[in-house]
Amino acid sequence: MERGQIHLDGPFDLRLTLESGQSYLWWREDGATYGSTDADTWYRTTTRATGEPAPVRVRQDGDTLTWESTVDAAAVLRRRLGLEDDLTAIRAATPDDDLVEEAFDDHWGMRIVRDPPFGGLISFICSAQMRVARIHGMQQRLRETFGTPVTFDGETYHAYPTPEQLADASETELRDLSLGYRAPYVRDTAEMVAGGTRPEEVRGQSYEDARETLTRYVGVGQKVADCVLLFSLEYLQAIPLDTWIQQTIEEYYPDCDRGRYAETSSALRERLGGEYAGYAQTYIFYHLRTGGE
DNA sequence: TACCAGGAACGGG
DNA sequence: CCCGTTCATGGT
């Protein structure tokens, strides 16, 4: 077993980062409901960054992250948890705005995650008209049903299914996991990816071109595409316009409502500072979702 | 019971 | 292009 520590020299909160509705590819070792406020646990996931799926677990104690794995996971964790982002500089570059400042203050340390692209794509296809805890439950069932098991410290971690593993699933099998009408979307998109059309290929395209390209996947509209760009592909300017944010626009930024998704998104992006607008959006989303105003 | 959840596909205008 | 409707499922 390999074990290491990462010294945090900037604001970071592991629980907020992993349980704020950005990623559905981690799970708590204590089994507590996803979205719990108790952070005293290990968070588990797997990574294929070094080849075959490797289990990883990590926990936070103050300004120290401790991780354990079968591989050296330090670099992977830095990337996947957004530790390379200069959060203080990003906040400083975000225009002054009462709602944004309040959200930053209340949830300071939350980072934008970098999920593996395929898992990010499938999990956000599953997110359509669904609550956070249920989206997380779906991903857990997908892992345990179709993912490759690896044992670590006497326990089994199931890797997120590969495109091939999900493409081989039947729609009925997926419906049995309570995916509902999303089942054929997941299966068909997995087949497209297994066939060679990979989401990470959009890297290098302009933000709006990349969003348009991603909507070619079945079950991916502009909102889900924005989630994949923001939480998997490092387009930090992406602003997913979900029902919460649309409600926020009506209430706080009515002049940004241009009637159509692309135009409204663009207007709000400018209002939130452009390059890192996705950070401000993610703080606002979580702030409102947890009862802030 | 009826309504809703981090929407998207589909069909008609 | 735009708009309304439909699509499973489980919680409240």
Side-chain angles (χ1 to χ4, degrees), chain A residues 16-26 33-36 103 107 110 112-113 115 119-142 145 169-192 199 208 211-233 235 238-252 257-266 268-269 272 277-292:
Chain A
L16 282 174
T17 300
L18 294 181
E19 300 199 45
S20 50
Q22 301 179 51
S23 175
Y24 300 95
L25 306 182
W26 293 73
T33 306
Y34 191 80
S36 160
H107 311 292
M110 180 173 67
I112 298 291
V113 299
D115 275 350
L121 177 63
I122 297 298
S123 59
F124 277 97
I125 286 174
C126 292
S127 76
Q129 289 293 100
M130 205 40 67
R131 295 173 194 269
V132 166
R134 290 193 58 203
I135 303 165
H136 189 247
M138 288 180 191
Q139 307 319 304
Q140 192 145 310
R141 292 191 290 278
L142 285 172
T145 306
S170 71
E171 182 181 329
T172 303
E173 286 178 295
L174 294 173
R175 283 184 183 272
D176 287 345
L177 302 182
S178 298
L179 267 64
Y181 61 82
R182 304 157 197 80
Y185 299 167
V186 166
R187 213 210 66 79
D188 291 348
T189 289
E191 193 165 68
M192 291 171 70
E208 301 211 340
R211 183 173 62 193
E212 188 57 33
T213 301
L214 289 178
T215 61
R216 294 175 190 162
Y217 291 114
V218 185
V220 178
Q222 299 185 94
K223 187 271 174 183
V224 168
D226 269 331
C227 286
V228 177
L229 290 173
L230 179 58
F231 301 130
S232 286
L233 297 174
Y235 283 75
I239 302 185
L241 297 187
D242 60 275
T243 53
W244 289 85
I245 294 299
Q246 299 206 26
Q247 201 172 337
T248 304
I249 291 171
E250 286 181 32
E251 199 171 334
Y252 294 88
D257 185 359
R258 305 297 163 83
R260 288 192 295 271
Y261 187 102
E263 282 71 13
T264 301
S265 173
S266 178
L268 184 60
R269 183 160 41 261
L272 296 178
Y279 251 103
Q281 185 272 3
T282 301
Y283 271 87
I284 292 172
F285 169 79
Y286 187 65
H287 187 52
L288 297 177
R289 246 191 53 76
T290 52

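Residue numbers begin at 1 in each chain, while the letters A, B, ... track the order of the sequences. Quick caveat, the model's predicted, so the values are computed rather than measured.
Using a 4.0 Å heavy-atom criterion, one finds that A:Gln281 contacts the bases of the nucleic acid, with or without backbone contacts as well. Among the atoms of the strands shown, base atoms are found under 4.0 Å from some heavy atom of A:Arg134. Among the protein residues, A:Arg182 comes within range of the nucleic acid bases, having at least one heavy atom under 4.0 Å from a base atom. Among the atoms of the strands shown, only primed sugar atoms or phosphate atoms (P, OP1, OP2) are found under 4.0 Å from some heavy atom of A:Gly219. Heavy atoms of A:Tyr24 sit under 4.0 angstrom from at least one base atom.
In this structure, A:His136 and A:Tyr24 have tilted ring planes: the angle between them lies in the 30° to 60° band.
For residues 213-233 of chain A, the pairs satisfying side-chain hydrogen bond (donor to acceptor under 3.5 Å, both in side chains) are A:Gln205-A:Thr213, A:Tyr207-A:Asp226, A:Arg211-A:Asp226, A:Asp226-A:Tyr261, with sequence neighbours left out.
Rounded to whole Å, the separation between the P atoms of C:dG10 and B:dA9 comes to 23 Å. The gap from the P atom of C:dT5 to that of B:dC3 amounts to 14 Å, rounded to the nearest Å. Atom name P, nucleotides C:dT6 and B:dC4: the rounded distance is 16 Å, in whole Å.
The shortest distance between the side-chain N/O atoms of A:Gln129 and the OP1/OP2 oxygens of B:dG7 is below 4.0 Å. Using a 4.0 Å cut-off, no side-chain N or O of A:Ser127 falls inside it from OP1 or OP2 of B:dG7.
Under 3.5 Å, the side chain of A:Tyr181 and the base of B:dG7 form at least one donor-acceptor pair of N or O atoms.
Read 5' to 3', the first and last nucleotides of DNA chain C with an atom closer than 4.0 Å to a heavy atom of chain A are C:dC2 to C:dG10.
Here the side chains of A:Cys126 and A:Val186 are in contact, with some heavy-atom distance below 4.5 Å.
Residues meeting the side-chain contact (heavy atoms from CB on, under 4.5 Å) test with A:Val113, sequence neighbours left out: A:Thr17, A:Leu18, A:Gln22, A:Ser23, A:Asp115, A:Phe231.
A:Ser127 places a side-chain N or O within donor-acceptor distance of the main-chain N or O of A:Phe124, the cut-off being under 3.5 Å.
Looking at which nucleotide of DNA chain B each of A:Val218 and A:Trp244 is closest to, the 5′-most match is held by A:Trp244.
Centre separation under 5.5 Å together with a plane angle under 30° does not hold for the ring of A:Tyr185 and the six-membered base ring of B:dA8, so they are not marked as stacked.
The distance from atom CD1 of A:Ile112 to atom P of B:dG6 is 18 Å, rounded to the nearest whole Å.
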